[in-house]
Enquirer: 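Please read through the structure below; I'll follow up with questions.
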2 protein chains.
Amino acid sequence: MDTFTDLLRNYNLKATPQRLAILQVISRYGHINIDNLYNEIKSQFSSISLATIYKNINSMTEVHLLAEVKLPNTKSVYEIVKEGHAHLKCELCGDIEDLTIDTNSIFADISKLHNFKINQSDVILSGVCKSCQ
Amino acid sequence: MDTFTDLLRNYNLKATPQRLAILQVISRYGHINIDNLYNEIKSQFSSISLATIYKNINSMTEVHLLAEVKLPNTKSVYEIVKEGHAHLKCELCGDIEDLTIDTNSIFADISKLHNFKINQSDVILSGVCKSCQ
DNA sequence: CTGACTGCAAACGTTTTGCACGGTA
DNA sequence: TACCGTGCAAAACGTTTGCAGTCAG
């Protein structure tokens, strides 16, 4: 039961070995940037090209299977899409953690006050994580 | 009373005409990306070079006089630094508005629960603004 | 007067593109 | 089999750098 195969097909994307490898690596790391993704995949799939990584990241992001997380002072990382959550970024070890809170509802009142219809909220909290303190 | 001159000097940066023009444009727009900034300034300062824009944006960002705001699906914009506030980004007209709420305090409890010391919070709410609805 | 800043052009790293080949459905 | 996806190399893009000249303090 290769879930990623189904996932890709749901979005009308062919389940190629390259794409499956990308999804496996991303899901293992939770969040990863392009360089690390490329190196990680090359070690188990030496023939893969960087252009393929880019093309696939782009096509999977386009259909909202993946999401780009833009971080302060660092390269973007990519994650498999899941609903409204915040990101904790440790400024010391660089680790990114998910914070599963309903970010949209937090801002619901505020947005109503400003007559602003929120579709998406991107929240990044930077600081020092548990293990680095 | 040229406030920007003083502001620059407080950060040990020389108050050159180019820098003053950059700050005037940014403060007029609130938020602006590199391209628009360059074009805007060129129209009143035709000799300015793009490299100068970049160098100044970088030096002013380094000393935290300016801040980069990384936005989903769009180029980053720059703003003059001010304390903890969120950004509303209209997906239709592209307009960026400030939302003056104490973002850090919103997440204070949550971060305590996770033993995470927050230094900075970046919040971007994307959706549809008042006038676009 | 001195060091910081500017503008130009060249260099750089990252991302995208075109194309021939190969693989999925 | 038809089309989508891959890999390579080249191109495009945004940003940075080195340098000689200029200007702010």
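Naming convention: chains lettered A, B, ... in sequence-line order (proteins, then strands); numbering from 1 in each chain.
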Enquirer: Give the table of side-chain donor-acceptor pairs shorter than 3.5 Å for residues 75-82 of chain B, with sequence neighbours excluded, one pair per line with atom names and distance.
Expert:
| from | atom 1 | to | atom 2 | distance (Å) |
| --- | --- | --- | --- | --- |
| B:Lys75 | NZ | B:Asp35 | OD2 | 2.6 |
| B:Ser76 | OG | B:Glu68 | OE2 | 2.7 |
| B:Glu79 | OE1 | B:His31 | NE2 | 3.1 |
| B:Glu79 | OE1 | B:His85 | NE2 | 3.4 |
| B:Glu79 | OE1 | B:His87 | NE2 | 2.8 |
| B:Glu79 | OE2 | B:His85 | NE2 | 3.3 |
| B:Lys82 | NZ | B:Asp98 | OD2 | 2.8 |

Enquirer: Report the distance from atom CD1 of A:Ile53 to atom P of D:dT6, rounded to the nearest whole Å.
Expert: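 Between P of D:dT6 and CD1 of A:Ile53: 10 Å.
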Enquirer: Could you state the CG-C1' distance from A:Leu13 to D:dC4, rounded to the nearest angstrom?
Expert: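 Roughly 10 Å, once rounded to whole Å.
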Enquirer: Check the distance between D:dT6's C1' and A:Leu20's CG and give it to me in whole angstrom.
Expert: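 Checked: the CG to C1' distance equals 14 Å.
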Enquirer: Given C:dG7, C:dA25, D:dT6, identify the nucleotide with an atom nearest to the side chain of A:Lys14.
Expert: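 Shortest atom-to-atom distance from the side chain points to C:dA25.
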Enquirer: If I take atom CD1 from residue A:Ile57 and atom CD1 from residue A:Ile26, how far apart are they, to the nearest 0.5 angstrom?
Expert: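 Taking CD1 in A:Ile57 and CD1 in A:Ile26, the distance rounds to 4.5 Å.
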Enquirer: Select one nucleotide: of C:dG7, D:dT6, D:dG7, the one nearest the side-chain heavy atoms of A:Asn56.
Expert: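 From the listed options, D:dT6 comes nearest.
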Enquirer: Establish, from distance only, whether the side-chain atoms of B:Asn119 and A:Glu91 form a donor-acceptor pair under 3.5 Å.
Expert: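 Their side chains do contain a donor-acceptor pair, which is all the 3.5 Å distance test asks for.
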Enquirer: What is the separation between atom CZ on A:Arg19 and atom P on C:dA25, rounded to the nearest whole Å?
Expert: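 Nearest whole value for this atom pair: 10 Å.
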Enquirer: What is the distance, rounded to the nearest whole Å, between atom CG of A:Asn58 and atom C1' of D:dC4?
Expert: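 Result: 16 Å.
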Enquirer: Quick one: label A:Thr52 by what it contacts on the DNA or RNA (base, sugar-phosphate, nothing), any heavy atom closer than 4.0 Å.
Expert: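 Base contact.
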Enquirer: So what does A:Ser47 hit on the nucleic acid, given a heavy-atom distance under 4.0 Å: a base, only sugar-phosphate, or nothing?
Expert: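 It contacts sugar-phosphate atoms only.
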Enquirer: Could you check how far CG of A:Leu8 sits from C1' of D:dC4, rounded to whole Å?
Expert: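 Interatomic distance, CG of A:Leu8 to C1' of D:dC4: 13 Å.
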Enquirer: Can you check whether A:Gln18 has a side-chain N or O nearer than 4.0 Å to OP1 or OP2 of D:dG7?
Expert: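 For D:dG7, OP1 or OP2 has a side-chain N or O of A:Gln18 closer than 4.0 Å.
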Enquirer: Should the side chain of B:Lys55 and the base of D:dG18 be counted as holding a donor-acceptor pair, with the cut-off at 3.5 Å?
Expert: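 Donor-acceptor pair under 3.5 Å: yes.
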Enquirer: Which of these nucleotides, C:dT16, D:dG5, C:dA9, is closest to any side-chain atom of A:Ala51?
Expert: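 So the nucleotide nearest the side chain must be C:dT16.
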Enquirer: Which donor-acceptor pairs under 3.5 Å do side chains of residues 125-133 of chain A form with protein atoms, sequence neighbours excluded?
Expert:
| from | atom 1 | to | atom 2 | distance (Å) |
| --- | --- | --- | --- | --- |
| A:Gln133 | NE2 | A:Val128 | O | 3.0 |
| A:Gln133 | NE2 | B:Asn115 | O | 2.7 |

